[in-house]
Number of protein chains: 2
Amino acid sequence: MVPHLVTANPGPILELEKKLLDSNAAIERWFRLQWQAHQPPFYASVDLRNAGFKLAPVDTNLYPGGFNNLSEAMLPLAVHAAQSAIDVICPDARSLLLIPEKHTRNQFYLRNVARLQAILRQTGLDVRLGTMAEDVTEPFRVELPEGIALDIAPVQRHGNRVGLDGFDPCAVLLNNDLSAGTPGILAGIDQLVLPALHAGWTQRRKSKHFAAYDVVVESFSQLLGIDPWLINPYFGRCGEVNFQDKTTANECLESNVEALLFRIRAKYREYGISEKPFVIVKADAGTYGMGIMTVKDPSEVRELNRKQRNKMAVVKDGLQVTEVIIQEGVHTIERVNEGVAEPVVYMIDRYVVGGFYRVHAERGTDENLNAPGMEFVPLPFASDCCMPICTARPGDEAPNRFYMYGVVARLAALAAAVELQMTDPANTAGIVPTLVTEAA
Amino acid sequence: MVPHLVTANPGPILELEKKLLDSNAAIERWFRLQWQAHQPPFYASVDLRNAGFKLAPVDTNLYPGGFNNLSEAMLPLAVHAAQSAIDVICPDARSLLLIPEKHTRNQFYLRNVARLQAILRQTGLDVRLGTMAEDVTEPFRVELPEGIALDIAPVQRHGNRVGLDGFDPCAVLLNNDLSAGTPGILAGIDQLVLPALHAGWTQRRKSKHFAAYDVVVESFSQLLGIDPWLINPYFGRCGEVNFQDKTTANECLESNVEALLFRIRAKYREYGISEKPFVIVKADAGTYGMGIMTVKDPSEVRELNRKQRNKMAVVKDGLQVTEVIIQEGVHTIERVNEGVAEPVVYMIDRYVVGGFYRVHAERGTDENLNAPGMEFVPLPFASDCCMPICTARPGDEAPNRFYMYGVVARLAALAAAVELQMTDPANTAGIVPTLVTEAA
């Protein structure tokens with residue numbers, strides 16, 4: 001299914017697209033060099049926003065769900081990529097313990113788990129499912145409508161190893177973002193844990209990710225000679241916000257919103273953009289589209305009503321929100337069948353393996369689409385993200401847009417790699433990794 | 001386009017298929033371990049024959065043409081695989097010299113070159129085309145109907161490096177099988193040459209490839225507990241055949257044909273197969289479907305007529321045939337639109353990247369199809385060769401057949417890897433590499 005797409009209007013993004021297409025070989029070589037110094041995340045999904053004049057990642061998920069939303073035609077790519085990752089990470093691995101989220105009643109999520117298991121099995125691994133849910137003491141089976149059954153068993157710890165009853169895996173792959181905290185059962189185990197435990201949401205911060213993204217975009221923009229802002233949303237951070245007590249002023253939040261709107265306005269003037277600037281305030285840790293608000297004026301965060309406060313105060317698994325990231329809002333000009341849409345790009349290791357449009361018929365172009373009511377339309381990424389048509393005109397050719405999406409998504413994945421190096425507990429000196437550069 | 005396929009009748013191949021599907025994870029793991037010890041060929045294509053009761057490779061090409069015949073949907077797989085190969089072989093490479101065959105007027109072949117160049121460019125390499133043709137002294141351009149232009153320049157040597165005028169590549173990729181001999185211009189150069197020069201047809205022998213295939217199949221059959229014959233054609237070799245002088249008896253050829261037919265007949269009896277056994281006699285070095293004959297009785301090689309002698313005596317680039325391989329003939333039961341068909345599977349590095357059916361409407365099920373009049377129908381390999389449906393019944397499901405094809409083709413690629421280790425001029429002791437085994 002090829003969705004009906006509204007294409008970017010002329011503007012800076014067309015120049016950007018032209019640059020990316022013209023520099024195709026240099027870009028691919030640049031990525032190749034970076035991946036030698038920065039181990040890519042095992043997998044990642046990146047939410048992109050295409051404003052027509054700007055294309056930027058707004059969220060990078062290191063425990064991607066939604067593999068079930070990728071087009072079937074893309075699966076061999078995912079298998080190749082997983083094979084390649086396993087070859088590097090654990091070449092002798094024979095078995096893998098996949099630990100999904102606990103919400104085992106969500107059929108969509110369970111389809112994602114089934115899809116992931118199928119992909120990983122094709123790499124020659126015995127892949128089994130374990131749960132850390134404390135109320136699960138016996139193995140159980142979940143039947144999916146497609147005739148697929150998932151067998152899930154409680155994770156057990158023996159000494160410095162975890163496994164299932166009768167199953168001692170070589171490595172552990174988390175599809176559980178650890179919002180509820182780093183589980184003790186995984187602490188200090190001998191087995192490799194993917195992604196590393198410090199990628200979990202109790203330790204990870206979006207602001208650190210985007211700080212790493214700044215480093216990545218700086219280097220990439222120099223390579224191409226472009227304004228980094230065209231692919232990078234401004235952001236700020238507040239570390240001690242109080243959403244629950246309405247007497248607290250949250251001055252940091254207000255001043256950050258003001259400063260960000262000021263900077264965005266300046267850029268809009270520079271490029272002659274007439275849209276209304278906005279920022280997104282969201283929890284610095286956490287996911288699932290919870291705790292997110294669109295702000296167009298500093299006064300809006302000064303006078304939060306109770307409903308807004310409640311919405312912002314708590315995210316998944318009851319995590320309290322006191323740290324927020326204030327991020328430049330990027331309009332989306334993409335529409336699929338009338339609904340406002342944003343592309344989500346999936347990667348395994350260094351490879352783009354597919355994507356889909358997240359579509360929300362009831363949301364505006366400046367709103368978060370990751371909310372109940374959203375739908376998914378697989379992207380026709382198959383031949384397009386990897387094989388741009390370099391002779392085609394920019395703007396009017398979907399294949400080239402998808403190449404551009406793949407490039408920006410990989411920049412975000414590279415930022416995640418740099419972020420995880422930066423935040424590695426072993427990096428006690430707090431060294432910021434540098435990107436590979438070379439003489440032209 | 002999904003071709004109309006005639007499916008295997010019940011028989012040993014269904015059991016084989018079931019074994020392969022049941023052992024999917026073990027097979028993929030086995031390959032992963034083998035590739036750690038045996039560097040896969042940069043690329044390869046394998047001609048398979050599916051007799052219904054037997055599935056075997058009959059030819060392994062290390063300079064594959066025909067990338068243009070692969071389905072467009074498969075191209076991202078090829079790009080991933082090439083990226084993976086480049087990462088291992090020459091991670092810092094920036095540029096690659098691709099040397100195609102000299103016949104620059106064949107539009108089909110030129111499309112293959114254009115396709116290869118496009119795939120390789122996506123890995124971030126500057127890929128240029130060079131020719132070793134002595135009559136080419138200036139760069140020239142070939143325009144293809146699709147609006148693609150190929151720029152080809154004469155290869156130059158400076159000291160221990162080759163390149164083009166103003167282009168000093170990191171590595172050289174041959175898409176030229178060196179039937180005309182190992183060119184002096186490539187001897188002893190500092191740059192990496194892919195595939196290694198001893199893979200060229202002046203040095204390579206099919207009989208050595210199938211000797212290596214014996215080693216591979218031996219190990220693989222033990223893994224699965226199957227009769228190796230189900231995936232391995234018997235073969236013999238004669239080193240001094242004289243096709244030109246009709247007074248020469250060619251006793252070696254006759255006795256080999258006889259012995260092979262005897263062994264095949266015994267196997268046919270064992271499995272209750274009523275087909276008529278046959279052998280294929282072909283040049284031990286060389287390609288392009290030249291110098292090949294089907295033989296059903298030893299008397300046929302005793303009394304070769306002049307036409308047959310002429311056909312067998314010389315292959316591509318005037319190479320004289322004195323060494324032949326006598327190979328068990330494998331019937332093909334595959335048909336596409338009424339034409340007799342055989343699958344050809346393409347690999348880059350360790351990955352299956354696509355395939356097609358070679359179809360010949362005027363040939364029999366026991367004849368060579370690589371002959372004028374053949375057509376190509378892309379295989380619907382996309383999701384099928386990498387993602388078998390393990391719950392489906394064997395035999396009646398195309399996806400599973402393609403998985404089986406991908407497995408047997410990879411066995412042949414692994415045999416090529418072992419063969420090139422065996423025949424490496426640096427392997428002066430003639431050590432036969434062993435396959436990786438492990439405790440279960």
Side-chain angles (χ1 to χ4, degrees), chain A residues 24-33 35-36 71-81 83-84 86-88 91-95 115 118-127 146-149 348-354 381-391 403 406 436 438, chain B residues 24-33 35-36 71-81 83-84 86-88 91-95 115 118-127 146-149 348-354 381-391 403 406 436 438:
Chain A
N24 176 218
I27 290 169
E28 296 305 324
R29 174 172 162 75
W30 183 85
F31 272 118
R32 179 146 45 84
L33 293 176
W35 296 131
Q36 285 175 45
S71 142
E72 293 255 343
M74 304 296 285
L75 293 183
L77 277 178
V79 172
H80 274 200
Q83 277 176 332
S84 182
I86 297 288
D87 274 347
V88 171
D92 300 322
R94 176 197 287 273
S95 55
R115 181 62 71 81
I119 290 168
L120 292 164
R121 278 186 168 159
Q122 285 307 312
T123 67
L125 294 172
D126 182 4
V127 182
E146 295 81 4
I148 299 163
I348 293 180
D349 199 74
R350 74 204 64 185
Y351 305 103
V352 174
V353 299
F381 252 114
S383 53
D384 306 334
C385 65
C386 306
M387 297 287 289
I389 299 166
C390 292
T391 52
Y403 177 67
V436 180
E438 54 169 354
Chain B
N24 177 219
I27 290 169
E28 297 304 325
R29 175 172 161 76
W30 183 85
F31 272 119
R32 179 147 45 84
L33 293 176
W35 295 131
Q36 286 175 44
S71 141
E72 293 254 344
M74 304 296 284
L75 293 183
L77 278 179
V79 173
H80 275 199
Q83 277 176 332
S84 181
I86 298 289
D87 274 347
V88 171
D92 300 322
R94 176 196 288 274
S95 54
R115 181 60 71 82
I119 291 168
L120 292 164
R121 278 186 169 159
Q122 286 308 313
T123 67
L125 294 172
D126 182 3
V127 182
E146 295 80 5
I148 300 163
I348 293 181
D349 198 76
R350 74 204 65 185
Y351 305 103
V352 174
V353 299
F381 252 113
S383 53
D384 306 333
C385 66
C386 306
M387 298 286 287
I389 299 166
C390 293
T391 51
Y403 178 68
V436 180
E438 54 170 354

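Lettering follows sequence order; numbering is per chain, from 1.
Looking at residues two or more places apart in sequence or on another chain, you find a side chain to side chain contact (heavy atoms under 4.5 Å, CB included) between A/Arg121 and A/Gln117, A/Val127. For A/Val88, the side chain to side chain contact (heavy atoms under 4.5 Å, CB included) test picks out A/Gln39, with sequence neighbours left out.
Comparing A/Ile86, A/Asp87, A/Leu33 by heavy-atom pairs within less than 4.5 Å of chain B, the highest count is held by A/Asp87. Chain B forms the most heavy-atom pairs under 4.5 Å with one residue out of A/Ile27, A/Ile148, A/Asp92, and that residue is A/Asp92.
Contacts of A/Asp349 with chain B are absent, with no heavy-atom separation under 4.5 Å from either backbone or side chain. For a residue to count as touching a neighbouring chain, one of its non-hydrogen atoms must lie under 4.5 Å from one of that chain's; by this rule A/Leu125 touches chain B with backbone and side chain alike.
A/Arg32 places a side-chain N or O within 3.5 Å of a backbone atom of B/Pro91 that can act as its donor or acceptor partner. For A/Arg29 (side chain) and B/Asp126 (main-chain N/O), no donor-acceptor pair under 3.5 Å exists by modelled atom type.
Within the 4.5 Å cutoff, the side chain of B/Ser84 has heavy atoms near those of the A/Tyr351 side chain.
Atom-to-atom distance recorded for A/Glu28:CD and B/Leu120:CG is 12.5 Å, nearest 0.5 angstrom. From B/Gln83, atom CD reaches atom CZ of A/Phe31 across 10.5 Å, with rounding to the nearest 0.5 Å.
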